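Computed from a prediction, not measured in an experiment: that's the story for all the values here.
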Amino acid sequence: MAKAPDPQAPMAAMRKLPWRDLTPMTQREGLIECLHPLPWLGASWVAASCGWWLVALPASFLFFLTALRLNHEAVHGNLGFSPRGHRRVLHGLSLLMLGSNHSVAYNHLKHHSRIGTPEDIEGKCGRMRAWQVLAYGPAFPIETHVNAWRHGGPAVRRRMAVDAGLNGAMIAMALGSGASALLYHLAAMLVAQCLTGFFAVWITHHDVEDSGFDARTQRSALINCLSYNMFLHLEHHLFPAVPVKRLGVLAARIDAEFPALAVNRQMVLPVPKARPVRVWEQLP
């Protein structure tokens, strides 16, 4: 009897690519990564203070996106800092994003090591329908926090407690000052946390079970620029130690070495190829 094909064979093949040369990060590069969310945060606060909601909302979205990228790098130790330095980044992001980013770290590392299993609390969103994820959204951060508190151990609980104190400080500052920018920020971050399961998990993981890959990716240079490379998620799952800023280089290596695998590869945002236009179709 012929041996059944290994569904993880494509992932195993791609993991043989050279990648360690892409991992070194200097502290200067790490500090630059820490700056990415700040212009968007400032823009959202200024716009909210002026009542320019059509500017404030996209600025808040981009702040949360870049903060997720920075959080992602700190979770995997990809900023060139010491372990304590990476924890400080997570604490700072917890203050600004609300919630505990140390609980995010615990669940995200489980997602990588136990993907598709009952222990993968984060990844379960990818196995839902889109409407189910949106309905489940408000419960998602609660469930991940509870899971990290129950199973993360004393160190994780201690860091989560610090994050909770920082959350309380941000809420007290907003309510005590009555500043419209801060009150708006609280509301925007609460909504963002409820949509994290959709935007941070579902769009990069849905319907990949039969593809042989753990996640989706993206090959549009424009979309990757606008999304700060966060849609190169297949590449991240292959080599989590590669910083997000270098995932484009990794994607190019994969395309050059394994062109046949592009057949089953799924895009986060499919971009249809333009139909060739014949000259006579442009005539009046």
Side-chain angles (χ1 to χ4, degrees), residues 11 37 64-79 83-84 86-128 130 132-167 189-206 208-209 213-216 230-244 268:
M11 297 289 288
F64 204 80
L65 171 68
T66 50
L68 280 176
R69 166 173 161 152
L70 180 58
N71 173 76
H72 211 237
E73 298 291 67
V75 168
H76 290 285
N78 290 347
L79 292 172
R84 177 177 291 180
H86 286 101
R87 290 196 295 271
R88 286 175 176 170
V89 171
L90 292 175
H91 283 311
L93 289 171
S94 296
L95 171 70
L96 294 173
M97 300 170 72
L98 300 186
S100 169
N101 278 298
H102 283 91
S103 76
V104 173
Y106 175 82
N107 287 289
H108 186 66
L109 293 176
K110 282 290 183 183
H111 171 58
H112 276 273
S113 63
R114 299 287 188 272
I115 188 167
T117 70
E119 294 179 70
D120 181 15
I121 301 299
E122 176 184 310
K124 69 189 259 185
C125 292
R127 300 185 290 275
M128 297 179 180
Q132 291 174 317
V133 179
L134 291 171
Y136 168 64
F140 176 67
I142 296 173
E143 185 171 357
T144 54
H145 278 65
V146 170
N147 185 64
W149 186 267
R150 285 179 176 172
H151 304 293
V156 172
R157 286 194 287 271
R158 184 169 60 251
R159 291 162 192 158
M160 287 179 66
V162 173
D163 290 342
L166 292 169
N167 289 174
M189 291 304 99
L190 287 173
V191 172
Q193 289 288 351
C194 292
L195 294 174
T196 300
F198 182 83
F199 284 108
V201 183
W202 185 84
I203 61 173
T204 54
H205 283 287
H206 71 93
V208 297
E209 291 81 4
F213 302 116
D214 286 346
R216 291 173 174 255
M230 288 295 284
F231 288 168
L232 292 169
H233 204 63
L234 169 63
E235 292 73 16
H236 168 67
H237 267 267
L238 284 165
F239 303 107
V242 174
V244 175
V268 174

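Residue pairs meeting the salt bridge (Lys or Arg N to Asp or Glu O under 4.0 Å) criterion with at least one member in residues 147-160, sequence neighbours excluded, do not occur.
Taken from NE2 in His86 to CG in Leu79, the straight-line distance is 4.0 Å, to the nearest 0.5 Å. To the nearest 0.5 Å, atom CD1 of residue Ile115 and atom NE2 of residue His237 are 4.5 Å apart.
Residues meeting the side chain to side chain donor-acceptor pair (under 3.5 Å) test with Asp163, sequence neighbours left out: His91, Ser94, Ser100, His102. Applying the salt bridge (Lys or Arg N to Asp or Glu O under 4.0 Å) rule to Arg87 yields no partners; only residues at least two apart in sequence or on another chain are considered. Contacts of Glu73 classified as salt bridge (Lys or Arg N to Asp or Glu O under 4.0 Å), with partners at least two apart in sequence or in another chain: none. With sequence neighbours excluded, the residues satisfying salt bridge (Lys or Arg N to Asp or Glu O under 4.0 Å) with Arg127 are Asp120. Listed by chain and residue number, Lys110, Arg114 satisfy the salt bridge (Lys or Arg N to Asp or Glu O under 4.0 Å) test with Glu119 (two or more places apart in sequence, or in another chain).
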Self-check item: Step-by-step side-chain contact (heavy atoms from CB on, under 4.5 Å) determination, Phe140 to Val201
Solution: CA-CA 11 Å; Phe140 176 67; Val201 183; 4.2 Å; yes
Quiz item: Met230 and Leu65: side-chain contact (heavy atoms from CB on, under 4.5 Å), yes or no, with the steps?
Solution: CA-CA 8 Å; Met230 288 295 284; Leu65 171 68; 4.0 Å; yes
Practice problem: Could you give me the CA-CA distance, side-chain angles and deciding distance for Phe231 and Arg216, then say whether side-chain contact (heavy atoms from CB on, under 4.5 Å) is met? | Solution: CA-CA 7 Å; Phe231 288 168; Arg216 291 173 174 255; over 6 Å; no
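Among all heavy-atom pairs drawn from Thr144 and Ser103, the shortest one is O-CB, 4.3 Å.
Using a 4.5 Å cut-off on side-chain heavy atoms (C-beta onward), Trp202 and Leu134 make no contact.
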